[in-house]
Student: 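Let me give you the structure first, and then I'll get to my questions.
For the numbers below, each heavy atom of this structure counts, side chains included, while hydrogens, waters and symmetry mates do not.
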Amino acid sequence: ETLPAARPGAIPAWKRAFPVLDKTVAFAAVPLLSGSEWLGFFYFESGVSKPFDDDDFSMQVLLANQFTLALKNSLHFEEAMFYRNYLENLIEHAGAIFLVLDRRSRIQLFNRYAEEKSGYRREEVIGRLAARLFVSADKREDYFRRMSDLIGSRVLTSFQGEFRTK
């Protein structure tokens with residue numbers, strides 16, 4: 001939500017002139033609002049004792065609104081990064097194999113437990129076809145058929161099979 005533009009001739013109560021070190025300075029404190037959440041103030045001051053005019057005030061409101069959007073986006077980014085790191089940590093330290101494949105059946109994620117159980121280091125498997133590493137040659141055709149069915153149906157399901165180790 002943005003602040004409304006100033007009405008011509010209207011001087012908000014928080015827009016004043018006050019003395020600082022024997023000088024009168026004009027200032028404006030524009031609230032930084034995100035919806036109903038108050039994030040702070042964007043504070044402007046000038047060494048001139050006259051109040052800011054409507055054009056100055058409109059520009060200050062515009063700057064404050066842009067700053068609020070940037071601040072809000074950075075807070076969302078920080079929160080997203082926190083959850084991303086949290087999930088990566090859970091996956092990495094889970095007592096279960098996490099093996100994520102792309103649509104071409106190439107390995108995109110391989111956690112520490114998968115390394116321990118398979119005998120492969122993640123550097124050896126990332127980007128490689130999972131079937132070539134973990135499915136015996138006589139069962140690959142069935143594996144590729146099942147993977148093709150999974151991708152084609154776009155229905156979240158799973159299947160069981162043997163997991164060949166190094």
Side-chain angles (χ1 to χ4, degrees), residues 1-6 12 14 28-45 52 54-166:
E1 182 174 311
T2 59
L3 293 172
W14 46 267
V30 180
L32 302 175
L33 302 172
S34 177
S36 61
E37 183 182 4
W38 177 80
L39 301 175
F41 282 99
F42 208 44
Y43 179 82
F44 300 90
E45 69 176 55
F52 292 106
D54 289 337
D55 288 338
D56 293 334
F57 179 67
S58 293
M59 184 59 70
Q60 292 163 351
V61 168
L62 178 66
L63 288 171
N65 287 333
Q66 292 302 313
F67 183 79
T68 300
L69 290 174
L71 181 60
K72 187 176 174 184
N73 287 339
S74 73
L75 294 174
H76 288 309
F77 178 77
E78 286 178 25
E79 184 178 9
M81 291 306 296
F82 169 81
Y83 284 111
R84 176 181 178 228
N85 292 336
Y86 177 75
L87 290 173
E88 283 178 350
N89 193 39
L90 281 176
I91 290 169
E92 185 59 23
H93 295 94
I97 292 174
F98 276 84
L99 175 72
V100 176
L101 309 177
D102 65 13
R103 293 179 64 82
R104 298 176 305 159
S105 196
R106 295 192 184 276
I107 299 168
Q108 299 299 306
L109 184 138
F110 197 73
N111 72 340
R112 186 171 64 183
Y113 194 77
E115 287 180 318
E116 292 171 15
K117 293 300 178 186
S118 71
Y120 287 99
R121 291 184 333 273
R122 86 185 66 206
E123 297 81 26
E124 295 177 276
V125 302
I126 298 296
R128 294 188 57 195
L129 286 172
R132 291 223 172 101
L133 296 170
F134 304 117
V135 180
S136 61
D138 62 323
K139 297 188 181 184
R140 284 187 193 144
E141 186 177 326
D142 182 53
Y143 168 84
F144 283 120
R145 183 187 51 75
R146 288 179 177 210
M147 289 302 289
S148 180
D149 290 347
L150 281 173
I151 292 168
S153 70
R154 297 182 185 215
V155 174
L156 184 61
T157 186
S158 61
F159 62 88
Q160 285 185 214
E162 296 175 2
F163 188 80
R164 191 175 65 176
T165 61
K166 192 171 186 182

Student: For E116, does the CD atom sit with more than 12 other heavy atoms under 6.0 Å from it, leaving out its own atoms?
Tutor: yes

Student: Measuring from atom CG of L69 to atom CG of L32, what distance do you get when rounded to the nearest 0.5 angstrom?
Tutor: 10.5 Å

Student: If you take all heavy atoms of F163 and S118, which pair is closest and at what distance?
Tutor: CE2-CB, 3.9 Å

Student: Stepwise, does the side chain to side chain contact (heavy atoms under 4.5 Å, CB included) test hold for L101 with I107?
Tutor: CA-CA 5 Å; L101 309 177; I107 299 168; 3.7 Å; yes

Student: So, taking the atom named CG in L99 and the one named CG in L109, what distance separates them when rounded to the nearest 0.5 Å?
Tutor: 8.0 Å

Student: Can you tell me how far apart CE (M81) and OG (S74) are? Round to the nearest 0.5 Å.
Tutor: 13.0 Å

Student: Once ring pair (Phe, Tyr, Trp, His ring centres under 6.0 Å) is applied, do any residues pair with F144, and if so which ones, sequence neighbours excluded?
Tutor: none

Student: Can you see which heavy atom on S105 is nearest to which on Y143, and at what distance?
Tutor: OG-OH, 2.8 Å

Student: With sequence neighbours excluded, give me every ring-ring contact (aromatic ring centres under 6.0 Å, His included) pair touching residues 61-84.
Tutor: F42-F67

Student: Could you tell me the separation between the NE2 atom of H93 and the CG atom of N111, rounded to the nearest 0.5 Å?
Tutor: 10.0 Å

Student: Which pairs with one or both residues in residues 123-134 pass salt bridge (charged side-chain N to carboxylate O under 4.0 Å, His left out), sequence neighbours excluded?
Tutor: R121-E123, R121-E124, E124-K166

Student: Not counting sequence neighbours, which residues clear ring pair (Phe, Tyr, Trp, His ring centres under 6.0 Å) with Y120? List them please.
Tutor: F134

Student: Can you run down the salt bridge (charged side-chain N to carboxylate O under 4.0 Å, His left out) pairs that involve residues 78-95, sequence neighbours left out, and say none if there aren't any?
Tutor: R84-E88, E92-R122

Student: Atom CD1 in I91, atom CZ in F110: separation rounded to 0.5 Å?
Tutor: 14.0 Å

Student: Can you sort out the partners of D142 under side-chain hydrogen bond (donor to acceptor under 3.5 Å, both in side chains), two or more places apart, ordered by chain and number?
Tutor: R145, R146

Student: Any side-chain to backbone donor/acceptor pair from R164 onto L133? Under 3.5 Å, distance only.
Tutor: yes

Student: To the closest 0.5 Å, what do you measure between CG (D54) and CD (Q60)?
Tutor: 10.5 Å

